[in-house]
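This report concerns only the one structure given below.
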Amino acid sequence: MSGLEWILLLSGVVSGATPILLATLGETLTEKAGFVNLSLDGTVLLSAMVAFMVAFETQNAILGFLAACLVGALVAAVVVLFSLWLGQSQVAVGFVLTLTTRDLAYFLGNPYTRLHGPQFSTFPIPFLSDIPVLGPIFFHHNWMVYAGLALIGFCWAYIYRTPMGLRLRAVGESPKASFARGDNPAKLQWVYALAGGVLVGAAGAAFSLCVKPGWGRPQGAEGTGWIALALVIFGGWHPVRAAAGAYLFSLLQVLGIYFQGWIPSVPAQVFQVAPFPLMILTLLIIAYARKTATQEAARRRLWMKSFLDFFSGTAPSALGKPYRLESF
Amino acid sequence: MASDPGARMAVELIDIHKEYGPLKANQGISICFAPGYIHGILGENGAGKSTLMKVLAGFTPKTRGLIRIDGSNTEYQTPAEVSRLGIGMLYQEPVDFPVLSVLENFMIGQTRGFWLNRMATQKRFESLCLHLEFSLPPETPVQKLTTGERQQLEIIRLLSLGANVLILDEPTTGISSFQKETLFQALKALAKEGKTLILVSHKLEDIERLCDRVSVLRKGRVTGEMERPFDTETLLKMMFGSVPSPLKPSQTAAGAPLLNMENVSATGDRAGLRGCSVVIREKEVVALAGLEGSGQGVFLRLAAGLKVPTSGAIRLQGEPMAGKDCIAYQNKGVTFLPTSRLEEGLITGLTISEHFALKASHGFRVRWNDAEQQAQARIEQFRIKGKPGMPVESLSGGNQQRLLLSFLPDAPSLLLLEKPTRGLDLESTLWVWEHLYHYREKKTAIVFSSSELEEILMVADRILVFFNGGVIRDIKTAQTDVHDLGRAIAGKA
Amino acid sequence: MIWAGPSPGRPDDQASESKSMIQRHWKAFGLSLAGVLGFTTAILVLAGAPPLEAYYHLLKGSLGSLNKTGAVLTAWIPLTLCAVGLLYTFRIGLWNIGVEGQMIMGAIFATAVLRWGVESRVPLLYLAAAFPAAALGGGLWAIGAGILKTKGEVHEIFAGLGLNFVAQGILLYLIFGPWKRPGVASMSGTEVFPTDLRLSFLPGLRFSPAGLILAVIALLLTAWMFRHSRFGLVLKAAGSNPIATLLFGERPNRYMLLAMLLAGGFAGIAGCVQVSGVYHRLIPSISSNYGYLALLVVMLSNYNVFVVPVVAFFFTCLNVGSIQLPMMLRIDSSLAGVIQGAWVLVALAAIAWHRRKVRPEKEH
């Protein structure tokens, strides 16, 4: 492979990762607050469809993007409503919604299949895009890709460097203590579930307006939500690590296409399942790393310790357990 | 209402009642806390201390009564309002964020604005630390601190929020004697500055060393107040009531060793269990006395095989039990009855009959008729108010307890009972023990924990007193009395 | 636990189910149906389709003729088998999201056996052997998720989901690789099995009575297990309170694995029915999403074994009825999925609402 090909490949990785990156960051935000939105996979599809539909009808991609964000927030709102208000399991509701929104997307999107609509066009950033190697990889994309890149930094700074982020981490760790310090845990969970939903919606828009423009069945976004959910765990609920996971996954996808060229008898879909065994392996290592016996053993071996530290991500302690005052 | 530091605040509780359904936790408590004093609240488990403090700290609404701050009536709903009023509470279990760093824990609840101002906060944090002679590493996650350090962090945080009244709920449980010294020095200094300090404790020693005055609580009421100098005997009487303890000499001679614990340590509860070496013999009735969470629960769960010791060895009938699970213990005749009935003992959603079916056969098919008949028979025998088809969660607490007792097998080798008579009236308690005594004829050893000294003295042959995760007393019942035990429980061995 | 999700809803006790309970169920059923119709109608109007006509076609497409009803039954069999298996895992509080993959593995194992049976002189033997092999395949796949859960502390949703995708990958690899049709590898699947390796059809009706019998046996067996066997009782106990179950002398982890094994086994048999009785070959979409759909069926049935076949029947009617929607009304057949999902959501809301009314919030 020549240098130019490598640059092209990496540029494809950066732009192709955008939807999954957005969804992963959104879910990280939601789960940081101790809330699980399992509906991602369907939500991404529904918002992708709505983004294209609105963009096509109005011939305005921005409007499509905004509509997708709204859809993401709406679906998240349904999960929150069922969980915090009706006391149903977040997992159950999220799962039902993931199937329902997917079918809703196919149903409502039917008239819009294989149409040509507006999409976000490439906007090379002046000067920066002229930098050799890095320029074409990072600065020769459309603005959603840039937004995704910027969002990694923003999420990190927000979560770890602002008082609001501190309160967000606090509520996910211990809603009880958060309440004792004057916050309303339910309200915070509402806010971050909706914010996460907006990003998931944006992920859908990134599909139908940039990465795989248009709408079809299958759209090509199937499975994204599940991968994003897994990447949140892979990232140890840290936005930067989760983002790294998104790029790694995107790389795997692109490489899959290359490998397919070498072994034409194996379909691309086979390579696409690679992240899932990887996810299970990661989860196993995380569980293994938490065991006291392992930590004892690692104390004597430096390489093992650094390896375990890398996987030492801990879930927000209150994840998935809605907070009730009477639980005191 | 913002409080300015250095302001002196008096808090008055007038006729506070708190009822949880039929349970009356506080029944008309009136106490006046004055600034510049360290005021002790003394009482045994279940006396209503923690409830009273939760009411004061805004975590639970009171049923009725008045709270007066500096002479004016005050009503509040949430802990946040209370902390704005200048009252800070240090909980028994740390209410903090284990994964977050010390500095972050310090900041939550008091920083607003867009960027975290770490520098300024750290400066304030360090100056407060210096003032109280605490040394806390700001960047370490709180979960790596000791309980004592977590307390110090909370105290500093509350002071930084402008607390003029500081409530400390059992602050000396699970901390080292060195940290206790540091804590006491800090508290004395704060009292001198004019803060109002409230120390809730079971421990006579702490109260006597630190407090200027003390209110004693018993069964939800104030049974007495006292100013320095304290008289230990009077305080004990207020705490436990004056009981004419009918001493019952040990009737049966203990048999062969059944359970051996050799230098066993384990984690769990607040204090865990440290270096416990105990032998339990056949036919013995052994009581585990001590404050809640001093290690009795861990001891029972280790003996039942539910917990794995971090070090030390357990032998059952001479056989080492390392690496065996709870079922292996059961096969050796060990039966454990936990106190949290719906969490560990009974199965929510299953009926009484279904519990008997679960207990009974090991065949593939459930014999429902047998199970139902057995349920009916035991319901009558144990005077349970319920029907075989009723789900267990619909029974009252007392009836759930009787049901649990009715599951006991016919001839266990070791019965482990965690507070077997909790929530039962005296008559039922006697009835339960009459029933349990039958087991001695079958060589069964009974080990039970209880927070009622009267019960312990009445039924046990031998008493193990737990304090801070260790057995500090192992004594025959005949050689002790209420006051001696009370002292040991409060850490004055 | 790494990923602390709440456990699924608890199965209602069928033994003590009183008449008023059933009445209440019907009331909830009626109310939720009204809610679903309202929602679906709104969606149809939004899509610019005539709602009444759509409903008419759904009905006609599923129950309008004997042939269509046969198609409904054909789909009902695997869906019910999967749902029945899920009853075991839900009973012990596990979210076995991996049914989809377990069904695929069942189909793969069945295909492997049937491929050996081609040109054999005793094809019936191979056909009979395909079912236990499929149950084994599905069961093993489920046990995998179960061990990851009990030994590796990996939440069963992620274990199951991951294994679903892996199973899908294996399936595609086989279809396009070792098991491809001579010369051509395509999405249309492997080579079609000879007639004597297929489950026979009833004349006139396009469904196999053998599959139907299997599904009915599974239902009855499960109903009996839950009512009369110690196994069913322990599953329920362990799902509600693992520690107490341990104190009652049973190991919950062992029962978790057993429940997974059974769920996977039933899903595997569903996969075998798909291979030997419906498609007569291995195709990429062999699971037809029945695994995921079965989760909805069980939730809507409120984890009740007697309601499962009814709900499964409604769901397959919707699935089969929607097939002709694109032709008749030019709307997408995914309408069925929308109705099914909305129905479960409304039911979840109704159940929660009902629980609130019955058990007002207790203090302490």
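To find a chain, count down the sequence lines: A is the first, B the second, and so on, and within it residues start at 1. Side chains included, hydrogens not; waters and symmetry mates left out as well; all remaining heavy atoms used.
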Residue pair C:His155 / A:Ile233, side-chain heavy-atom distance below 4.5 Å: no

Spacing of C:Ser333 atom OG and A:Asp103 atom CG [to the nearest 0.5 Å]: 8.5 Å

Aromatic centroids of A:Phe95 and C:Trp95 separated by under 6.0 Å: yes

OG1-CG distance between A:Thr100 and C:Leu296, expressed to the nearest 0.5 angstrom: 6.5 Å

Closest non-hydrogen atom pair between C:Gly341 and A:Val96, with its separation: O-CG1, 3.5 Å

Atom pair OH/OG1 of C:Tyr292 and A:Thr98 - distance to nearest 0.5 Å: 9.0 Å

Contacting region of C:Ile170 [heavy-atom separation from chain A under 4.5 Å]: neither

Non-hydrogen atoms of C:Met299 and A:Ala92 that approach each other most closely: SD-CB, 4.1 Å

Heavy-atom closest contact (A:Gly223 atom, C:Phe165 atom, distance): CA-CZ, 4.4 Å

Shortest non-hydrogen contact from A:Phe107 toward C:Ile43: CE2-CG2, 3.5 Å

More than 12 heavy atoms of other groups within 6.0 Å of C:Arg330 CZ: no

Straight-line distance of C:Ile339 CD1 to A:Leu104 CG, nearest 0.5 Å: 11.5 Å

Contacting region of C:Ala349 [heavy-atom separation from chain A under 4.5 Å]: both

CD1 on C:Ile157 to CG on A:Leu38, rounded to 0.5 Å: 5.5 Å

Contacting region of A:Leu97 [heavy-atom separation from chain C under 4.5 Å]: side chain

Contacting region of C:Asn289 [heavy-atom separation from chain A under 4.5 Å]: side chain

C:Leu345 vs A:Phe82 side-chain heavy atoms within contact, under 4.5 Å: yes

A:Leu99 vs C:Leu295 side-chain heavy atoms within contact, under 4.5 Å: no

Contact summary for C:Ala47 and A:Leu108, nearest pair of heavy atoms: CB-CD2, 4.0 Å

